Amino acid sequence: MLVRYKKSCEKIAMGLLSFMPEERELKKLKETMNIYQTNSNWHLFLWKEGEAFVGLVGIELAEGHYTLQHISVNPSFHGEGIGHAMVEKVQQLIPDLEMHGTAFTEAFLEKCSEAKLAVI
Ligand SMILES: CC(C)(COP(=O)(O)OP(=O)(O)OC[C@H]1O[C@@H](n2cnc3c(N)ncnc32)[C@H](O)[C@@H]1OP(=O)(O)O)[C@@H](O)C(=O)NCCC(=O)NCCS
């Protein structure tokens with residue numbers, strides 16, 4: 001289940017975010033969390049499996065599109081479809097805008113588009 005990030009989950013979110021290679025340094029991690037907490041165009045969501053938060057997805061809204069800035073899943077839950085499910089849920093939340101990737105998220109986003117095309 002996709003839920004909106006709350007300040008009370010800050011440490012959990014930082015832990016999940018740190019699985020992204022470019023977010024491993026604490027300084028960078030804190031800067032990124034600060035952007036999500038202060039910039040109204042940046043939105044962070046967590047993925048809940050039962051009572052546990054196991055995934056994170058962060059987007060930046062822009063003019064005419066939005067960017068998948070961050071996506072990560074706890075390694076114990078890799079390969080279970082959570083990454084795909086998070087992308088799909090976010091796309092359902094913002095159906096009128098196209099999701100773009102960054103240098104870090106583009107590859108997985110491509111993978112998700114391929115999976116969608118395979119279903120059609
Ligand atoms: C990327 C990530 C979120 C995927 O989460 P997940 O829940 O394991 O993904 P799913 O189970 O929905 O999908 C698994 C598929 O995605 C593929 N995949 C995983 N990471 C990928 C990447 N960086 N680029 C392209 N495909 C990727 C897997 O090989 C697998 O492919 P298969 O179905 O053909 O075997 C997870 O691997 C992760 O947290 N990675 C570390 C953080 C990171 O690097 N994030 C940015 C990635 S672009």
Side-chain angles (χ1 to χ4, degrees):
M1 179 174 68
L2 194 71
V3 295
R4 237 173 211 289
Y5 164 79
K6 282 191 198 137
K7 179 87 176 156
S8 58
C9 296
E10 187 175 24
K11 289 211 164 73
I12 291 165
M14 283 173 78
L16 289 165
L17 202 50
S18 71
F19 293 127
M20 289 197 67
E22 79 278 14
E23 298 291 338
R24 287 216 175 110
E25 252 184 58
L26 186 59
K27 187 168 173 278
K28 176 72 169 61
L29 199 53
K30 284 184 171 170
E31 281 168 10
T32 300
M33 285 308 295
N34 190 45
I35 296 174
Y36 279 113
Q37 285 169 145
T38 57
N39 189 323
S40 60
N41 284 331
W42 288 60
H43 298 271
L44 195 58
F45 302 89
L46 297 173
W47 185 265
K48 219 174 170 187
E49 284 282 312
E51 286 307 301
F53 291 102
V54 300
L56 167 147
V57 59
I59 58 159
E60 177 190 10
L61 293 176
E63 201 63 42
H65 73 277
Y66 62 101
T67 303
L68 179 65
Q69 289 288 350
H70 298 97
I71 183 158
S72 80
V73 170
N74 179 319
S76 309
F77 292 82
H78 279 184
E80 295 184 11
I82 295 173
H84 279 74
M86 290 196 296
V87 166
E88 204 176 316
K89 284 285 171 195
V90 170
Q91 288 172 334
Q92 286 170 3
L93 280 180
I94 316 172
D96 298 336
L97 298 181
E98 196 178 323
M99 185 189 269
H100 292 187
T102 67
F104 301 110
T105 63
E106 185 60 45
F108 186 67
L109 198 51
E110 278 282 315
K111 180 87 193 172
C112 292
S113 308
E114 281 167 22
K116 251 190 181 173
L117 288 176
V119 173
I120 296 170

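Both counts, for ligands and for their atoms, begin at 1 and track the order of listing. Remember, predicted model here, so these are calculated numbers, not experimental data.
Under the salt bridge (charged side-chain N to carboxylate O under 4.0 Å, His left out) criterion, E10 pairs with K7, sequence neighbours left out. Taking F77 as the reference, V54, V73, N74, E80, I82 meet the side-chain contact (heavy atoms from CB on, under 4.5 Å) condition, with sequence neighbours excluded.
Y36 pairs in a side-chain hydrogen bond (donor to acceptor under 3.5 Å, both in side chains) with only one of the listed residues (H43, H70, E60), which is H70.
Taking a heavy-atom cut-off of under 4.0 Å, ligand 1 is surrounded by F19, M20, P21, I71, S72, V73, H78, G79, E80, G81, I82, G83, H84, F104, T105, A107, F108, K111.
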- Check the pair E23 / M14 against side-chain contact (heavy atoms from CB on, under 4.5 Å), numbers first and verdict last. CA-CA 9 Å; E23 298 291 338; M14 283 173 78; over 6 Å; no
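Remark: side-chain polar atoms of T105 are not paired, donor with acceptor, to backbone N or O of G101 under 3.5 angstrom.
In this structure, F104 belongs to a hydrophobic cluster whose other members, linked by side-chain heavy atoms under 4.5 Å apart, are M20.
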